[in-house]
Amino acid sequence: MIPDGKVAWKRGWSRAFLAGAGLMLASCQAAPPPPAPAAPAPAEVLAVTAPDAGWRLRVERVIELDQECWILARLWREPGFAAQVIQPAKATIPVALPAKPRKVFVEGKTWTWPNPETYEFVPSLEAVVRRANGGRVLYVAPPPSTN
């Protein structure tokens with residue numbers, strides 16, 4: 001049987017209950033949350049304006065030289081139909097780049113109109129790799145799958 005308020009007060013239940021509840025609440029303070037893990041740096045994206053949606057871009061190499069960082073990319077068109085709209089072909093740069101000026105070399109452009117990007121469009125990336133003699137290679141793309 002639960003005593004009514006007058007009996008409980010006489011017996012000291014209310015005071016004891018209130019004191020105990022206050023102590024319990026005071027001791028149950030939440031610990032500060034652990035620090036959030038550092039967010040990874042956002043990946044950098046390379047984009048080339050292409051004549052239709054069928055074009056693809058892939059970063060083949062990243063080379064660090066004394067004064068700049070070279071990004072070598074390959075551009076190609078997938079066979080088949082594609083939306084006939086000028087849009088960028090994009091590729092994520094898979095490594096963190098040093099804080100140096102960047103120079104982008106792109107192989108595979110087949111259209112004659114000028115691109116808005118300030119990239120150097122080259123007939124072959126192999127010639128660029130030879131020019132980068134002595135540079136530190138930061139990334140080399142794995143061979144494309146033949147599936």
Side-chain angles (χ1 to χ4, degrees), residues 2 5 8-9 12-147:
I2 300 175
W9 188 262
W13 288 14
S14 296
R15 287 184 216 152
F17 176 76
L18 290 175
L23 286 173
M24 286 180 10
L25 288 174
S27 66
C28 291
Q29 292 180 355
E44 293 191 48
V45 176
L46 186 66
V48 174
T49 304
D52 64 50
W55 288 88
R56 303 292 178 257
L57 183 67
R58 175 180 157 154
V59 174
E60 296 290 335
R61 286 180 187 250
V62 177
I63 303 171
E64 181 182 12
L65 299 171
D66 291 336
Q67 301 299 318
E68 50 190 8
C69 182
W70 288 6
I71 301 161
L72 286 65
R74 188 175 314 274
L75 187 64
W76 75 95
R77 189 175 190 296
E78 290 286 334
F81 296 107
Q84 298 299 303
V85 59
I86 294 176
Q87 69 177 33
K90 296 179 181 179
T92 301
I93 299 173
V95 294
L97 298 176
K100 292 182 177 182
R102 295 169 186 160
K103 190 165 187 179
V104 179
F105 298 89
V106 179
E107 174 190 78
K109 179 181 172 190
T110 59
W111 55 94
T112 57
W113 46 267
N115 274 62
E117 299 88 10
T118 57
Y119 303 155
E120 188 172 329
F121 293 94
V122 296
S124 169
L125 291 178
E126 286 72 29
V128 177
V129 171
R130 284 193 299 275
R131 280 176 39 198
N133 185 17
R136 185 173 139 228
V137 177
L138 302 178
Y139 172 78
V140 176
S145 64
T146 57
N147 295 358

Taking every non-hydrogen atom, the tightest pair across [X] and [Y]:
| X | Y | result |
| --- | --- | --- |
| L138 | P98 | CD1-CD, 3.7 Å |
| C69 | L97 | SG-CD2, 3.9 Å |
| P94 | Y139 | CG-CZ, 3.3 Å |
| A82 | G54 | CB-N, 3.3 Å |
| A89 | L75 | CB-CD1, 4.0 Å |
| I63 | A132 | CD1-CB, 3.9 Å |

Handout entry: Heavy atoms of other groups near K100 NZ, more than 12 under 6.0 Å
Key = yes

Exercise for the section: Flag yes if more than 12 heavy atoms outside Q67 fall under 6.0 Å of its CD atom; otherwise flag no. Expected result: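 It does not: Q67 CD has 12 such atoms or fewer within range.
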
Practice task
Identify the residue among V140, L72, I93 that makes a side-chain contact (heavy atoms from CB on, under 4.5 Å) with V59.
Solution key: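 With V59 as partner, V140, L72, I93 yield a single side-chain contact (heavy atoms from CB on, under 4.5 Å), made by I93.
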
Between [atom1] of [X] and [atom2] of [Y], what distance do you get to the nearest 0.5 Å?
| X | Y | atom1 | atom2 | result |
| --- | --- | --- | --- | --- |
| W55 | W76 | CH2 | CH2 | 11.0 Å |
| K109 | T49 | NZ | OG1 | 9.5 Å |
| R102 | L46 | CZ | CG | 10.5 Å |
| Y119 | K103 | OH | NZ | 14.0 Å |
| W70 | L125 | CH2 | CG | 11.5 Å |

Handout entry: Step-by-step side-chain contact (heavy atoms from CB on, under 4.5 Å) determination, D52 to R77
Key = CA-CA 9 Å; D52 64 50; R77 189 175 190 296; 3.1 Å; yes

Handout entry: Donor-acceptor contact below 3.5 Å, side chain E68 vs main chain D66
Key =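 No, because the side chain of E68 does not come within donor-acceptor range (under 3.5 Å) of the backbone of D66.
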
